[in-house]
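By convention here, the first residue in the shown sequence is residue 1. Counting convention: from 1, in listed order, for ligands and their atoms alike.
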Amino acid sequence: MRIVQKYGGTSVGSYDRIRNVANRVKALYDEGNEVAVVVSAMSGMTNKLLGMAKEMSDNPSEREMDVLVSTGEQQSIALLTIALHELGIPAVSVTGRQAGVTTKGSNTRARIQDIDPTYMNKILSEGKVVVAAGFQGLNEEGEIQTLGRGGSDLSAIALAHAVGADLCQILTDVNGVYTSDPRVVKNAQKMDEISYDELLELASVGTKVMQSRSVEFAKKFGVPFEVRSSLNNEPGTLVIEEKPSMESVVIRGVSIERNQARVTVTGIPDEPGWSGKILKALGESEVNIDMIVSNIANDGFARHSFTMNSDDLGRAQAALKTILADLAGGQIETEAGIAKLSCVGIGMRSHSGVAATMFDALGEAGINIGMISTSEIKISVTVEEAEIEKAAQVVHDAFELGA
Ligand code: ASP
Ligand code: MG
């Protein structure tokens, strides 16, 4: 089999951890597999490098930042390759450029345009292990570019696609994808499988298992992969294209997102153009809006409520002040200290009463629901941040996810 494995920063975070990875790779190699390994920088290294640039300038050039931070991955590929040599395994390290990764777009957040796997294929066909640097590539002008934080996940998925791997494994410090955050919901279970769309929804609502762009890429190109632990040999969670049998599970997972805030604008004239105007002001101030609820109050004026990360609240207030003057006695109300709870599952499409079950469970626990929003495979509500853990547990119980 041709296997691509990706080890994140924690998994290569010390010399011992690197030796552990080398042993794991050796085991696969000894079974007769062709193995390509993608690695991140040692944990903390990318931040350290970013800090070094800040010592030189408050506003370092993004081009030079990429030259600097890409060295983190270059350290780990060489160290892992040397560790493999110590075990008698023929291995060759490759940078993003040598791996044939062409990027496009802006420095520090580039995208992968194309991968030419010729050199990697040659190494593999000579019976050697490829150790490739994640997170980096070269654009058509020949500049080193990085793929945004957490970008090694994307490198691994794209590389697996390019070399036609039979199996792609993302090895990390968790055992797989869980039905909820195990630190909060004690009986959360590791899932055997999850669809790309469900993982994307869970990721966007706070279950940070992998960089979302990498999951989008996997979905687009149909690259199945497994998320599993680099510290044990237990099977992890398979992330795959959805299949009909998956719909029998109503809710795949419950995720929580803390540190949310709500802004409500009242006194909005009930006429065309206002929603656009408000959202434009928020967008120009780089406020990331999440949920939107709007309705017409008894006085004939509309009110809009938005949620966002609390960190954006100050900017949102400033942006909306410019609009306030045009509002007929309208006001801007804010509330911090809220959190978002979401149920995600493609089974929602074919099961009714999912929202009722969720809301009932919260009601019975005496938890008040603030805002509600739904999509085809997700229902989200806001609650007081102090109640989020209890909320997650009762909803998790209501859907019997604890097994
Ligand atoms: N080293 C990079 C980062 O810390 C890429 C990665 O870890 O995936 O963001
Ligand atoms: Mg990482």
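- Assignment of Gly151 to the shell around ligand 1 is supported, since a heavy atom sits closer than 4.0 Å.
- Ion pairing between Glu216 and Lys220 fails under the 4.0 Å rule for side-chain N and carboxylate O.
- Interface of Arg149 with ligand 1, defined as ligand atoms under 4.0 Å from a residue heavy atom, comprises 3 (C), 4 (O), 9 (O).
- Residue contacts with ligand 1 for Glu73 involve side-chain atoms from C-beta outward but no N, CA, C or O (heavy atoms, distance under 4.0 Å).
- By the neighbour-count criterion of 12 heavy atoms within 6.0 Å, atom CG of Asp192 is sparsely surrounded, having that number or fewer from other residues, nucleotides or ligands.
- Ligand 1 lies out of reach of Met45, whose nearest heavy atom is not under 4.0 Å from it.
- With atom 6 (C) of ligand 1 as the reference point, the heavy atom nearest to it among Ser155, Ala133, Ser152, Ser70 is part of Ser152.
- Residue Leu154 holds its CG atom at 6.5 Å from CZ of Phe217, rounded to the nearest 0.5 Å.
- Contact annotation: the side chain of Val94 never approaches that of Val131 to less than 4.5 Å [non-hydrogen atoms, C-beta and beyond].
- Note: Phe221 and His161 have tilted aromatic rings, judged against thresholds of 30 and 60 degrees for the angle between ring planes.
- For Gly150, the closest heavy-atom approach to ligand 1 falls below 4.0 Å.
- Polar contact with ligand 1: present for Ser40 (N/O pair, distance under 3.5 Å).
- Counted by atom type alone, Tyr7 and Gln5 present one or more donor-acceptor pairs between their side chains at under 3.5 Å.
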